[in-house]
Amino acid sequence: MLTTISEKCAAFILQDDNREDAFAVCAYGIELALYTIFSTCGLLLIGWVFNRLVDAIIIIFFYYSNQTVGGGFHASSHLRCFSMMSVGLLVCISILSVPFRVAIHITSLLLSLIALWIYPVELHPNKKYLVKNLPKLKRKSKLISLLLCLLALFLVLQYNQNSVANAASLGMLVSAISRVCGHLSYCKRESA
């Protein structure tokens, strides 16, 4: 459905341009933008339904920020991607009210940062053209991961025993899990 809508929008935008590559790029960009908007609204709706909208925003912020600069696991379809993100968010929401000690948050953040540092960039197979920029992308990803980890640490120290601290820690943790799973799935795909 998104593909059809995206292709119609691209055809409207590029009605005077007959280049096939321009059409494909435009349709892909529109599809990605629409999917991002719809999936984000869906995730926010989940947060709202469970009366955890602010916590959901925090988790989504950390996850999207890390995923944008370093990639991670990519499902084979939009529906699978949204399903996996929804399940991940629901798991996070279900443990938000557990009062974790600061030491657990710090350990979680440290492990998340280590994973994001070891695997700073996991390129989607469709983005192999970015390999030439990999050193620059890795530096950027490590810097962003470090800054996000420091922000999460600040929130943990500022809002200890609060769902905000849990949301920040969980946002970093799901980012690290996605990155490691992405690495493992790409390695498995390349060895097959």
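A donor-acceptor pair under 3.5 Å links the side-chain atoms of R179 to the main chain of P120, judged by distance alone. A distance-only check finds a donor-acceptor pair linking the side chain of S83 to the backbone of L79 [under 3.5 Å]. With hydrogens and angles disregarded, a donor-acceptor distance shorter than 3.5 Å links the side chain of S145 to the backbone of S141.
The minimum heavy-atom distance between L44 and I60, with the atom names listed, is CD2-CD1, 3.9 Å. Minimum heavy-atom separation, S178 to Y63: OG-OH, 3.6 Å. Of all heavy-atom pairs between F73 and Q67, the closest is O-NE2, 3.3 Å. The two residues Y64 and L43 have their closest heavy-atom pair at OH-CD1, 3.8 Å. Taking each heavy atom of I95 and N166 in turn, the nearest pair found is O-ND2, 3.8 Å. In terms of heavy atoms, A167 sits closest to L96 at N-CD2, 3.6 Å.
When hydrophobic clusters are built by joining Ile, Leu, Val, Met, Phe, Trp and Tyr residues whose side-chain heavy atoms come closer than 4.5 Å, directly or via intermediates, L150 is not grouped with L143. No continuous path of hydrophobic side-chain contacts links L111 to V180 [ILVMFWY only; heavy atoms under 4.5 Å]. When hydrophobic clusters are built by joining Ile, Leu, Val, Met, Phe, Trp and Tyr residues whose side-chain heavy atoms come closer than 4.5 Å, directly or via intermediates, V121 is grouped together with V131. Tracing side-chain contacts under 4.5 Å through hydrophobic residues (I, L, V, M, F, W, Y), one reaches M85 starting from W48; they form part of the same cluster.
Between the CG atom of L184 and the CD atom of E122 there is a distance of 8.5 Å, given to the nearest 0.5 Å. Rounding to the nearest 0.5 angstrom, the gap separating the OG atom in S175 from the CG atom in L113 is 11.5 Å. Atom OG of S6 sits about 9.0 Å away from atom CG of L32, to the nearest 0.5 Å. Rounding to the nearest 0.5 angstrom, the gap separating the CD1 atom in I93 from the CZ atom in F50 is 6.5 Å. From K136, atom NZ reaches atom NZ of K140 across 7.5 Å, with rounding to the nearest 0.5 Å. Remark: F100 CZ to N162 CG distance equals 13.5 Å, nearest 0.5 Å.
Put simply, the side chain of K8 reaches to within 4.5 Å of the side chain of T4, judged on heavy atoms.
Residues forming a ring pair (Phe, Tyr, Trp, His ring centres under 6.0 Å) with Y119 (at least two apart in sequence, or on another chain): H183. Partners of C26 by side-chain contact (heavy atoms from CB on, under 4.5 Å), not counting sequence neighbours, listed by chain and number: A10, I13, L14, I30. Annotation: ring pair (Phe, Tyr, Trp, His ring centres under 6.0 Å) contacts of Y35 (sequence neighbours excluded): H78.
Atom NZ of K142 sits in a crowded spot, with more than 12 heavy atoms from other residues, nucleotides or ligands closer than 6.0 Å.
Considering I46, L45, V91 as possible partners of S86, the one that fulfils the side-chain contact (heavy atoms from CB on, under 4.5 Å) test is I46.
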Would you sort out whether R80 and H74 count as a side chain to side chain contact (heavy atoms under 4.5 Å, CB included), showing the intermediate values?
CA-CA 9 Å; R80 286 185 181 176; H74 290 275; over 6 Å; no
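In the hydrophobic clustering, where aliphatic and aromatic side chains (Ile, Leu, Val, Met, Phe, Trp, Tyr) are joined below 4.5 Å either directly or transitively, V156 groups with V54, I58, F61, F62, V69, V102, I106, L109, L116, I144, L148, L151, L153, F154, L155, L157, Y159, V164, M172.
Screening residues 39-65 for salt bridge (charged side-chain N to carboxylate O under 4.0 Å, His left out) gives R52-D55 as the qualifying pairs, with residues at least two apart or on separate chains. Listed by first then second residue, pairs satisfying salt bridge (charged side-chain N to carboxylate O under 4.0 Å, His left out) with a partner in residues 25-51 number zero, not counting sequence neighbours.
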